[in-house]
Each structure stands twice: as C-alpha cells, then as structure tokens.
Novice: 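Shown below is the structure under consideration.
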Number of protein chains: 2
Amino acid sequence: MKAVTMADVARHANVSKSTVSQYVNNRFDYMSEETKKRIEQTIIELDYRPNILARSLKQKSTTTIGVIVANILHTFSTQIIRTIEDECNEAGFHVMVCNADDDPEKEKKYIEMLRAKQVDGIIILPTGNNIALYEEMVKSKYPVVFVDRTVPNMKIPSVMLDNERAAGLAVEHLLQNGYERIGIITNVVKNVTPRVERINGYKNALVNNDVSVNEDYIKNLEVTQVAQGLQEMLLLQPPPQAILAGNDLVLIEVLKHIKRKEIQIPSELAVIGIDEVSFSEFYEPPLTIVEQPTIEIGKKAAELLLKIITDKESVPEEEIYRFEPVLNIRESSKRIQS
Amino acid sequence: MKAVTMADVARHANVSKSTVSQYVNNRFDYMSEETKKRIEQTIIELDYRPNILARSLKQKSTTTIGVIVANILHTFSTQIIRTIEDECNEAGFHVMVCNADDDPEKEKKYIEMLRAKQVDGIIILPTGNNIALYEEMVKSKYPVVFVDRTVPNMKIPSVMLDNERAAGLAVEHLLQNGYERIGIITNVVKNVTPRVERINGYKNALVNNDVSVNEDYIKNLEVTQVAQGLQEMLLLQPPPQAILAGNDLVLIEVLKHIKRKEIQIPSELAVIGIDEVSFSEFYEPPLTIVEQPTIEIGKKAAELLLKIITDKESVPEEEIYRFEPVLNIRESSKRIQS
DNA sequence: CTGTTAGCGCCTTCAC
DNA sequence: GTGAAGGCGCTAACAG
C-alpha cells in the first residue's frame with residue numbers, strides 16, 4: 001500500500017497539485033485538452049485515488065450522515081435505513097448506520113462518535129434518555145431529525161406514525177365487527193412515545209364508542225413476559241374477545257402463545273397487530289394488520305435532514321410530521337358470530 | 001457552530017497545542033497536575049470535541065471498517081451486521097454499513113467510496129461481479145473479507161455456511177421420513193455461490209441415497225416467479241412430495257402459494273426451508289428449517305478482518321471458513337403416511 | 001490555463 | 001514538563 005497522493009500525480013504529469021485538484025473535481029473549464037489527457041493518464045497509471053478525509057478536513061463537510069437506530073433487528077428499522085440510504089445516495093450523501101440496542105449509553109457514545117467524525121447530521125430513533133445531549137445538539141444547531149419517537153419540548157423535527165390513529169383504527173375495526181372486550185399488549189422496552197400514544201388511541205377509541213375502558217385489558221410487558229401476560233388476561237372473567245398487539249415482536253409472542261394453547265382465531269380470540277409482518281397473508285387465518293408507511297417515513301426523515309444540512313437557516317422548529325397508518329383487513333378479526 | 005479547535009483550548013488554558021494533544025490522548029506521564037486540571041476545565045468550558053478526521057488524516061487509520069451487504073432487507077444481513085458491529089465496538093472500531101441491493105455497480109461505487117474514506121478494511125457479501133476490483137484490492141493488500149459467498153481463485157478469506165451440507169441435511173431428513181420426490185427452488189438473483197452449492201448438496205444427497213435426480217424438480221427463479229414455478233412443478237406427473245425452499249424469501253413465496261391453493265402440509269406437500277424465520281414455530285404446521293449460525297458467521301468475519309488489519313503481515317490466504325448448519329425439525333416434514 | 005501559497009485540525013519529534 | 005515546527009493530503013484564492 002504505497003498511498004499515491006495528489007503530489008505524486010502532479011509530479012509525474014508535470015503539473016502542479018492544484019491542476020490535478022481541478023481535474024479531480026471536474027473543473028476543467030479552462031484546462032487544455034492536453035494536460036487533461038496527461039493527468040487522466042497518470043492517474044490511471046499510478047492508480048491514484050483521492051483521500052476524501054483530507055478533502056473533508058478542508059471543506060468542513062463529509063457529505064455523510066449518521067443514522068442511529070434503536071434496534072437494527074426490527075423490520076421497521078431496516079426498512080427505514082434502506083430508504084434513508086437510497087434517498088441520501090441520490091443526493092450524493094453517504095450513511096453511517098449505528099445500532100444503539102435500546103441502550104442510552106450506546107446511543108450517547110454513537111452520537112459523540114458521529115459528531116467527532118464530523119458527519120453533517122444525524123437521524124435518530126431516540127431512546128429518549130439523553131435529554132441533555134439532545135439539548136446540547138439543538139443549542140449548537142447541529143442537524144438532527146428524530147424518527148419513530150419524539151421527546152417533549154425538544155426543538156427537533158420528528159417524523160412518526162400517527163400512533164393514536166393506528167390504535168384507534170384497530171379498535172374501531174374490532175368494535176364494528178362486534179368485539180367489545182378488547183385487550184392491548186405493548187412492549188415496555190421499546191417505543192416510548194409510540195407506546196403511550198397507542199394506548200391513548202386505544203382508550204379514546206373505546207370511550208368515543210361508549211365502551212368502558214378496563215385497565216385489566218391493558219398490559220405493558222417485556223417481550224419475554226408477553227405470553228404470561230396474555231395468559232393472565234385470558235383468565236379474567238370475562239376474558240377479552242380480541243387482542244391488539246402493539247408491535248411486531250409482541251404479535252409474534254402472542255401467536256406463539258396462541259399456538260401452544262391451541263386457541264382458535266378469531267372465534268375464541270380475534271387478533272390484530274400494528275406493524276406489517278412477512279407472514280400476515282399466509283398465516284392461518286390471515287392476520288389483520290395496521291401497517292406503518294415506513295418508506296414514506298424514512299424518505300421524509302432523509303429529506304428533512306438533508307434540507308437542514310443544505311439550507312442551514314431554514315431550520316424547522318419542533319415540527320412533528322405524522323404519517324397515516326393503513327389498515328389491512330384480513331381474517332383474524334372477522335365479524336363475530338352472534 | 002463555532003468549531004472549537006485544539007488551538008483554542010491551548011490558548012485559553014495557556015499551554016501549547018501539543019500539551020493539549022497529550023492530554024486528549026491520555027499521555028500525561030509528565031504533565032503537572034495543575035496544567036492537567038486546567039486543560040480539563042477549559043475543554044469542558046469550551047465544549048471542545050476533537051476532530052477525528054484530522055487525527056485520521058495524520059495517523060492514517062480511521063478505526064472504521066465498511067460492511068457492504070447484498071441486501072439489507074434480509075434477516076441474514078441484519079443479523080450479520082449486528083454481530084459485526086458488536087464485535088468491532090469491542091475492539092474500538094466503527095462500522096459503516098452500505099447496501100448494494102444486489103447491484104454490482106452499487107457495490108463498486110461503495111467499495112471505492114469506502115476506500116476513499118480511508119476505512120481500514122471491508123467486509124463484503126459480494127455480488128461476485130466485480131472481479132477486477134476484487135483483484136485490485138488483493139494486489140494492493142487491502143484488508144477484505146467475504147461473507148456468505150466466495151469468488152473462485154480469489155485470495156480473499158471467506159466465511160460462509162456449509163451450503164452443501166445445509167441442503168444435504170434437508171434432503172436426508174426428508175428421505176428418512178419417506179419422501180423420495182423432492183423439489184428444490186432457489187433464488188436466482190441472490191446468493192450465487194450458496195445457490196450452486198445448495199443445489200449440489202441437494203443432488204449429492206439424493207445420489208448418495210440411490211435416488212435419481214429429476215431436473216424438473218430443480219428451479220432457479222426470481223422471487224416474483226416462485227409461485228408460478230412451484231405451480232408448474234406441482235403439475236408434473238408425478239409431482240414432488242416435498243419442497244425445499246432455498247432461502248427465506250423463497251419460503252415465504254412458497255407458503256403464499258400453498259395458502260392460495262389450499263395445499264395441506266405435509267400430507268399433500270412437505271415443506272422445509274433454509275434460513276430460520278420468525279414464524280417457523282407457530283405456523284400451522286410448524287416449519288422444519290435448516291438454520292445458519294449467523295452470529296458465529298458474523299463474529300468470525302469481524303475477527304478475521306480485525307486481525308488482518310491489526311496484524312498486516314499475517315494475512316491468511318484464500319482460506320474458506322465453513323460453518324455448520326443446524327436442522328430444526330418441526331412438523332412440516334413429518335413422516336409420510338404410507 | 002496553470003502554479004504559488006496558505007491553511008483545514010491534529011500529531012509528533014526534538015529542543016528548551 | 002512544555003512549546004515550536006513541520007507535515008498528513010487536499011482545496012482555494014490569487015497571481016501570473
């Protein structure tokens with residue numbers, strides 16, 4: 001690894017560094033065809049490749065953004081990442097993906113690392129537990145966009161699902177199909193904002209339809225506790241007739257339990273989930289799902305961040321962008337037999 | 001964004017830049033307690049954060065590696081990414097994740113970008129269609145490790161599944177359970193090496209058990225063509241009694257078709273897949289799966305690359321590290337009724 | 001059209 | 001114990 005530099009190219013081609021620099025940056029407005037050819041030739045010959053680091057140091061821009069996801073194992077995260085990458089690539093930006101594992105400490109470490117690496121901005125699916133850090137970024141006008149969750153009173157643009165509506169859609173659909181005793185299980189660890197909002201949406205939908213809220217039908221559990229929590233709920237008198245799974249991980253746990261106990265869907269228990277899953281169509285029975293428009297969410301987040309980066313002044317304050325969920329009706333919530 | 005530099009800190013603390021540098025790098029062997037405190041104080045006061053770019057430029061190491069995955073939407077990729085990240089973090093390295101979308105052009109772009117950004121090495125799930133580029137990297141001794149696939153005659157260490165054995169395990173299991181007419185569907189686009197090896201493993205297992213190979217039972221299809229291909233296969237006389245899905249995406253398509261046609265598993269058609277899926281346990285019937293040890297594969301890849309980077313000389317040549325698949329027997333391949 | 005001259009922010013001898 | 005000086009590879013005026 002010899003490391004050919006611009007100076008080497010300049011020397012071999014008998015020109016100065018700046019001429020080479022011009023060439024590399026496609027600024028040959030005033031360059032003779034001949035030197036152009038000569039430089040081109042030399043570059044190939046020496047297998048010269050520019051050092052972006054040096055360029056970035058000079059230009060104070062890395063054309064790179066960071067993305068910190070809560071947990072990369074979630075389908076939601078991957079889809080978001082993929083969209084963000086596509087969007088950024090089009091704009092000539094690169095993406096550094098980091099996985100915080102729902103750990104505020106890791107999140108902090110990554111934010112600091114990314115800033116030290118001079119990335120031009122960061123998209124975060126925040127843990128919510130680094131308030132001071134977030135505030136510091138706002139104060140120093142560092143470009144940041146939140147996705148999936150938000151933090152109250154933080155002047156950081158956030159793009160997220162209309163969670164209340166997502167839960168509301170599910171509940172209303174169930175009510176319309178004759179289910180009145182509806183349980184909801186959410187995941188404590190993840191999705192702080194979403195969880196609260198989804199439960200609110202659930203409650204509001206019930207109240208608006210004159211159905212009383214039974215707190216026993218609401219559970220926030222660790223993924224590992226879902227099965228047991230569901231079991232307890234089903235032993236209540238009367239038990240819920242339908243269950244709303246707060247996200248894909250909960251849904252999977254719910255279905256595992258249903259399988260073990262050989263519960264019939266929907267006759268013994270209707271099921272509906274938030275977050276589309278790969279098997280919803282061919283599961284028996286097919287699963288009714290409230291889907292997030294992940295592509296649009298990711299796209300919006302990228303657009304927002306790039307705009308803030310490019311156009312430093314036009315910083316949108318504390319705006320929250322909400323995206324509409326989509327209800328995919330299948331058979332796991334079919335009209336109740338009465 | 002003022003951008004506090006080391007010089008600023010030095011000035012405010014009344015010391016020279018180099019002293020600050022020493023401090024930042026924990027080299028206070030010969031530093032007075034007092035200046036130490038003073039520098040510490042100033043750093044906090046000014047909210048100074050070192051510019052890693054400048055440091056990397058000088059040190060010729062970014063302590064960052066790149067990972068280029070074929071397609072980030074695959075569970076396999078995400079799990080690999082996650083493990084690599086964990087492993088690298090422990091070693092103080094950062095990770096840049098890129099998504100090639102099975103497109104050699106994108107792959108090329110990313111390899112060049114990552115090298116320009118001076119990452120210390122790259123882990124690639126290669127498309128296989130950039131031979132010249134790969135060779136160039138070998139020639140210039142750039143640290144690279146392949147995962148999932150390999151490229152013949154390329155002196156690049158590769159860590160992958162024992163694909164022959166994976167398919168072999170599946171076939172033998174089916175044979176043992178009384179299935180003789182076994183079909184296999186793989187995915188053309190993805191997994192060049194794996195596909196070939198899996199089909200070989202499939203054929204060998206049949207031959208070794210004195211079952212003749214029927215080429216009509218072997219299909220390489222685009223994901224979108226899987227349903228139709230399966231349909232055609234099932235119309236053969238005689239039709240296969242069991243189907244081996246070459247990866248998770250194929251399995252999902254197969255199951256969709258099975259659902260549409262209301263085919264009974266395993267009585268009408270046994271099913272077995274390569275790559276564990278979230279729903280294998282609670283699908284009805286539970287699905288027999290040949291699982292890849294993704295964690296170990298990712299871990300090995302990271303270890304290898306870090307070793308090559310750290311210990312430039314000890315470059316392992318053309319080694320292929322194979323990992324054993326695990327057969328998770330469930331009910332979709334239950335003994336045939338005779 | 002091309003070369004000269006300064007840095008970007010940090011690290012690293014080598015004097016003092 | 002600390003400071004001065006040079007340089008990593010590249011860019012950007014400004015001359016010529």
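Side-chain atoms are counted along with the backbone in the values below, which use heavy atoms only and exclude waters and symmetry mates. Lettering follows sequence order; numbering is per chain, from 1. For clarity, every value in this text was computed on a predicted model and none was experimentally measured.
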Novice: Considering just the side-chain nitrogens and oxygens of B:Thr35, establish if one lies under 4.0 Å of OP1 or OP2 belonging to D:dT2.
Specialist: yes
Novice: So, is A:Ser32 near the phosphate of C:dC1, with a side-chain N or O under 4.0 Å from OP1 or OP2?
Specialist: no
Novice: How many angstroms lie between atom CG of A:Leu305 and atom OG1 of A:Thr310, to the nearest 0.5 angstrom?
Specialist: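 Here the rounded value is 8.5 Å.
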Novice: Base, sugar-phosphate alone, or nothing: which one does A:Asn14 contact when heavy atoms must sit under 4.0 Å apart?
Specialist: sugar-phosphate
Novice: Listing request: all salt bridge (charged side-chain N to carboxylate O under 4.0 Å, His left out) pairs with a residue in residues 79-89 of chain A, at least two apart in sequence or in separate chains.
Specialist: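 Pairs touching residues 79-89 of chain A that pass the test: A:Arg82-A:Asp86, A:Arg82-B:Asp101, A:Asp86-B:Lys106.
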Novice: For nucleotides 9-12 of chain C, which of its nitrogen or oxygen atoms have a protein nitrogen or oxygen under 3.5 Å away, and what is each distance?
Specialist:
unit_1	atom_1	unit_2	atom_2	d
C:dG9	OP1	A:Lys60	NZ	2.5
C:dC10	OP1	B:Tyr48	OH	2.7
C:dC10	OP1	B:Asn51	N	2.9
C:dC10	OP2	B:Met6	N	2.6
C:dC10	N4	B:Lys17	NZ	2.9
C:dC11	OP1	B:Arg55	NH1	3.4
C:dC11	OP2	B:Ser21	OG	3.2

Novice: Regarding B:Glu319 and B:Lys307, does a basic nitrogen lie under 4.0 Å from an acidic carboxylate oxygen?
Specialist: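 Here B:Glu319 does not pair with B:Lys307 in a salt bridge, since their nearest N and O are not under 4.0 Å apart.
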Novice: So how far off straight is the helix from C:dC1-D:dG16 to C:dC16-D:dG1, going by the axes through five pairs at either end, to 10°?
Specialist: 40°
Novice: When you check the side-chain N and O atoms of B:Tyr134 and B:Glu107, is any donor under 3.5 Å from an acceptor?
Specialist: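 A donor-acceptor contact under 3.5 Å links the two side chains.
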Novice: Can we say B:Glu33 and B:Lys36 salt-bridge, meaning some charged N sits less than 4.0 Å from an Asp/Glu carboxylate O?
Specialist: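 A salt bridge links B:Glu33 with B:Lys36.
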Novice: Would you say the side-chain atoms of A:Lys117 and B:Thr64 include a donor-acceptor pair closer than 3.5 Å?
Specialist: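 Checked: A:Lys117/B:Thr64 side chains pair up, N/O donor to acceptor below 3.5 Å.
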Novice: Are B:Glu135 and B:Lys139 ion-paired here, with the side-chain N under 4.0 Å from a carboxylate O?
Specialist: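 Looking at B:Glu135 and B:Lys139, the cut-off is not met.
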Novice: Can you name the closest pair of heavy atoms from A:Ile122 and A:Tyr142 and give their distance?
Specialist: CG1-CE2, 3.6 Å
